[in-house]
Every structure is written in C-alpha cells, then in structure tokens.
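Count residues from 1 along the sequence.
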Amino acid sequence: MFRIPRISFMVNNALLASHRALHIQKYMKTLQQPVACHPVLSHSKPFSTTSKLSHGHLTPPKPGEELKITFILKDGSQRTYEVAEGDSLLDIAQANNLEMEGACGGSCACSTCHVIVDPDYFDALPEPDDDENDMLDLAYGLTETSRLGCQIKMSKDIDGIRVALPAMTRNVNASDFD
C-alpha cells in the first residue's frame, strides 16, 4: 500500500527532471545561434568639448516673436538680449555668460540666481510661490523687487524687462548651519 504513492512520487520527479532537461536543451540551442554583431563605428569627427555658452538651454526665438531683456551687471553696464517666450532668466544669463550661478540648477533650492527686478515690471510678474519666498529669505541684498531668476519665465507681459544682478550672492551650504 505504501509503494504506490512512493512510485508515483518517483515518476513525477523523473518527469520533472526530463521536462527541465528539455527546457535547458532548448535554451542552450538559442545560445548557440549566431548573434547579429554590430560593427564598431569609427568616429569621423575628432573629440571636442562644448563651450560653457551652449549650456543655457535656450530656445531660439522665432522671427517676429523676439522678446527683449536687459541685464544690469554688477559694474553698472547693461546687456540686452532677444530671447524666446518661456526661457527662464537663469538660462538666459548662463547662456550669455553672465555672472549668475544657479547652484541648484534652477530647481528653486538656492538663492544664487537672485535678481532685482525693475519696479516698472515687478507687478507684471506672477506672484512668487512659497518655495521661492523661502529661498529669497536667504538671498544677500534682498529688496522689495527681488526675485529668483530661475522662477521668472519670459512672456509677452514682461517684454523689455530690466533686471539687476546684485553685488553679491549667497550660496548656502549645510556647513553654514554648524
């Protein structure tokens, strides 16, 4: 009486083993099939690096849709640029090699892109959100018209905007709180 279940168990194990062997055999055949090899591409151009100027992520403005922005630099000189709608002031400044750090990469997590907006344009800007206000509290030389350049996007409402770069910026590190 005990032999029948034991024999059944042994038969099931034998079937499982042969089934596994069959799958392994099929798998091994797929490994033996030739794989399409891609030729190594030779480089037709020499190695080069891009300049820092091309990292501003700017969209070229369409003809007739150019918006103007003027930056007043720390030394008092002015630079005017034609830009596209939707570009941030941080991207515009970095693309034109102006002294605006943007340590957080434009994620509203620092105050190194602090700008002082001309009062004539300040009210045309959307209200700053809580994150921007928190970061502005850390900005050096805060004024009534201070904003973060990463949070100001160019639009037709602010065409011709003038912003001043403050004399200094503050890059807050964790070590500042020790």
Side-chain angles (χ1 to χ4, degrees), residues 38 40-178:
H38 299 289
V40 176
L41 298 175
S42 62
H43 297 287
S44 59
K45 295 181 180 178
F47 177 77
S48 67
T49 59
T50 57
S51 70
K52 187 176 179 181
L53 297 177
S54 63
H55 289 288
H57 313 295
L58 290 183
T59 307
K62 294 177 183 172
E65 295 181 12
E66 301 91 351
L67 302 174
K68 291 191 189 285
I69 180 170
T70 301
F71 288 93
I72 302 168
L73 306 182
K74 296 173 186 180
D75 64 4
S77 63
Q78 297 183 21
R79 303 254 175 93
T80 302
Y81 301 99
E82 290 185 347
V83 297
E85 189 166 359
D87 290 337
S88 76
L89 270 57
L90 173 63
D91 288 340
I92 296 165
Q94 288 181 340
N96 290 290
N97 205 25
L98 300 180
E99 290 184 47
M100 188 183 293
E101 184 178 352
C104 70
S107 63
C108 197
C110 73
S111 62
T112 59
C113 64
H114 169 220
V115 294
I116 301 165
V117 180
D118 184 324
D120 294 341
Y121 292 93
F122 187 76
D123 290 333
L125 295 172
E127 289 291 318
D129 62 14
D130 290 340
D131 290 337
E132 183 178 358
N133 280 327
D134 289 345
M135 289 297 112
L136 280 170
D137 288 340
L138 304 173
Y140 180 83
L142 192 65
T143 70
E144 291 291 319
T145 60
S146 289
R147 291 294 299 268
L148 296 182
C150 66
Q151 299 302 300
I152 301 175
K153 308 283 187 220
M154 288 300 295
S155 68
K156 291 178 180 154
D157 296 336
I158 59 170
D159 185 21
I161 190 170
R162 294 168 37 91
V163 296
L165 301 181
M168 292 177 52
T169 60
R170 179 182 301 163
N171 190 351
V172 178
N173 293 317
S175 62
D176 295 338
F177 298 101
D178 292 338

Practice problem: Before giving the answer on side-chain contact (heavy atoms from CB on, under 4.5 Å), spell out for Y81 and L98 the whole-Å C-alpha distance, their side-chain angles and the decisive distance to 0.1 Å. | Solution: CA-CA 12 Å; Y81 301 99; L98 300 180; 3.6 Å; yes
Quiz item: Nearest heavy-atom pair of A103 and C110: which atoms, and what distance?
Solution: N-SG, 3.8 Å
Between side-chain atoms of residues 135-142 and protein atoms elsewhere (two or more places apart, or another chain), which donor-acceptor pairs fall under 3.5 Å?
none

Quiz prompt | Sequence-distant partners of D118, side-chain hydrogen bond (donor to acceptor under 3.5 Å, both in side chains), two or more places apart | solution = R162
Quiz item: In chain order, what residues pass the side-chain contact (heavy atoms from CB on, under 4.5 Å) check against E99, with sequence neighbours excluded?
Solution: K74
Quiz item: Under the 3.5 angstrom rule, does the side chain of Q78 hit a backbone N or O of L73 as a donor-acceptor pair?
Solution: no
Self-check item: Pairing residues for A109 by the side-chain contact (heavy atoms from CB on, under 4.5 Å) criterion, not counting sequence neighbours
Solution: C104, S107
Practice problem: Determine which pairs satisfy side chain to side chain donor-acceptor pair (under 3.5 Å) with at least one residue from residues 124-135, sequence neighbours left out, and list them in order. | Solution: E132-R147
Quiz item: Just wondering, more than 12 heavy atoms not from E144 lying within 6.0 Å of its CD?
Solution: no
Quiz item: Quick one: are L67 and P61 in side-chain contact, heavy atoms under 4.5 Å?
Solution: no
Quiz item: Is the backbone N or O of D91 less than 3.5 Å from a side-chain atom of S88, with the two atoms forming a donor-acceptor pair by type?
Solution: yes
Quiz item: For the atom pair CZ (F122) and OG (S146), what is the distance rounded to the nearest 0.5 Å?
Solution: 8.0 Å
Practice problem: Please confirm whether the backbone N or O of G102 pairs with a side-chain atom of T112, one donor and one acceptor, at under 3.5 Å? | Solution: yes
Return all side-chain donor-acceptor pairs below 3.5 angstrom for residues 148-159, not counting sequence neighbours, or 'none' if the list is empty.
unit_1 : atom_1 : unit_2 : atom_2 : d
K153   : NZ     : C150   : O      : 3.4
S155   : OG     : D157   : N      : 3.4
D159   : OD1    : K68    : N      : 2.7

Exercise. Among N96, V83, D87, find the one that has a side chain to side chain contact (heavy atoms under 4.5 Å, CB included) with I69.
Key: V83
Quiz item: M100 pairs by side chain to side chain contact (heavy atoms under 4.5 Å, CB included) with which of V163, L165, I92?
Solution: L165
